[in-house]
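A short write-up of the structure that comes next.
All residue numbers refer to positions in the sequence shown, counting from 1. Just so it is clear, the model here is predicted, and its values are computed rather than measured.
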Amino acid sequence: MDKRELYDGFKNMEAQTQLMLSKFSELREGMTEIMEKNSELEIENQHLRELINEQKDSENDNDGEPHLSKSRKNLEKLYNEGFHVCNQFYGKHRDENDSCIFCTEIIYREG
């Protein structure tokens with residue numbers, strides 16, 4: 001193999017390597033776009049599931065009980081775990097047997 005063939009071989013290999021590198025870059029950019037779109041769709045899907053669940057809950061709440069928002073459900077959960085959620089005693093333990101009229105007013109009031 002003479003010097004010219006060796007030089008041409010390296011030149012050809014360099015061109016192929018640059019072409020492959022540009023294809024890798026294109027693939028990486030495409031993969032990044034796909035991953036971003038996938039993340040957006042997962043978030044949107046989760047929001048839609050929550051919306052559907054809220055609508056199902058509101059349909060199931062037609063049995064006379066008031067419909068509670070997420071925040072009020074969280075307050076109700078804290079209250080049922082034995083904590084006050086009213087302004088007067090917020091965060092303090094309450095006896096499981098005792099009910100607090102202030103807490104229940106906050107959780108179950110209309111509007």
Going from CZ on R94 to NE2 on H84, what distance comes out if it is rounded to the nearest 0.5 angstrom? 7.0 Å

With sequence neighbours left out, which residue pairs that include part of residues 2-11 fulfil the side chain to side chain donor-acceptor pair (under 3.5 Å) condition? none

Cluster membership besides F24, Ile/Leu/Val/Met/Phe/Trp/Tyr side chains within less than 4.5 angstrom, sorted by chain and number, is M20

Minimum heavy-atom distance between I107 and E76, given as atom pair plus value: CD1-CA, 3.8 Å

Y90: which residues meet the ring-ring contact (aromatic ring centres under 6.0 Å, His included) condition with it, sequence neighbours left out? none

All N/O donor-acceptor pairs, side-chain side in residues 25-44, below 3.5 Å, sequence neighbours left out:
from, atom 1, to, atom 2, distance (Å)
S25, OG, L21, O, 3.2
T32, OG1, R28, O, 2.8
S39, OG, M35, O, 3.1

Taking only residues two or more places apart in sequence or in another chain, which ones pass side chain to side chain donor-acceptor pair (under 3.5 Å) with S71? S69

Any residue meeting ring-ring contact (aromatic ring centres under 6.0 Å, His included) with H47, in chain and number order, not counting sequence neighbours: none

Between Y79 and D98 the two heavy atoms that sit nearest each other are OH-O, 4.3 Å

Please tabulate, one pair per line, all N/O donor-acceptor pairs under 3.5 Å involving side-chain atoms of residues 99-106, not counting sequence neighbours.
from, atom 1, to, atom 2, distance (Å)
T104, OG1, C100, O, 3.2
T104, OG1, I101, O, 3.0

Taking the six-membered ring for Trp, is the centroid-to-centroid distance between F83 and H93 below 6.0 Å? yes

My understanding is that only residues two or more places apart in sequence, or in another chain, count here; which of them pass side-chain contact (heavy atoms from CB on, under 4.5 Å) with K70? E50, E54

Using the rule that two of Ile, Leu, Val, Met, Phe, Trp, Tyr join whenever any of their side-chain heavy atoms come within less than 4.5 Å, decide whether L78 and F89 are in one cluster. no

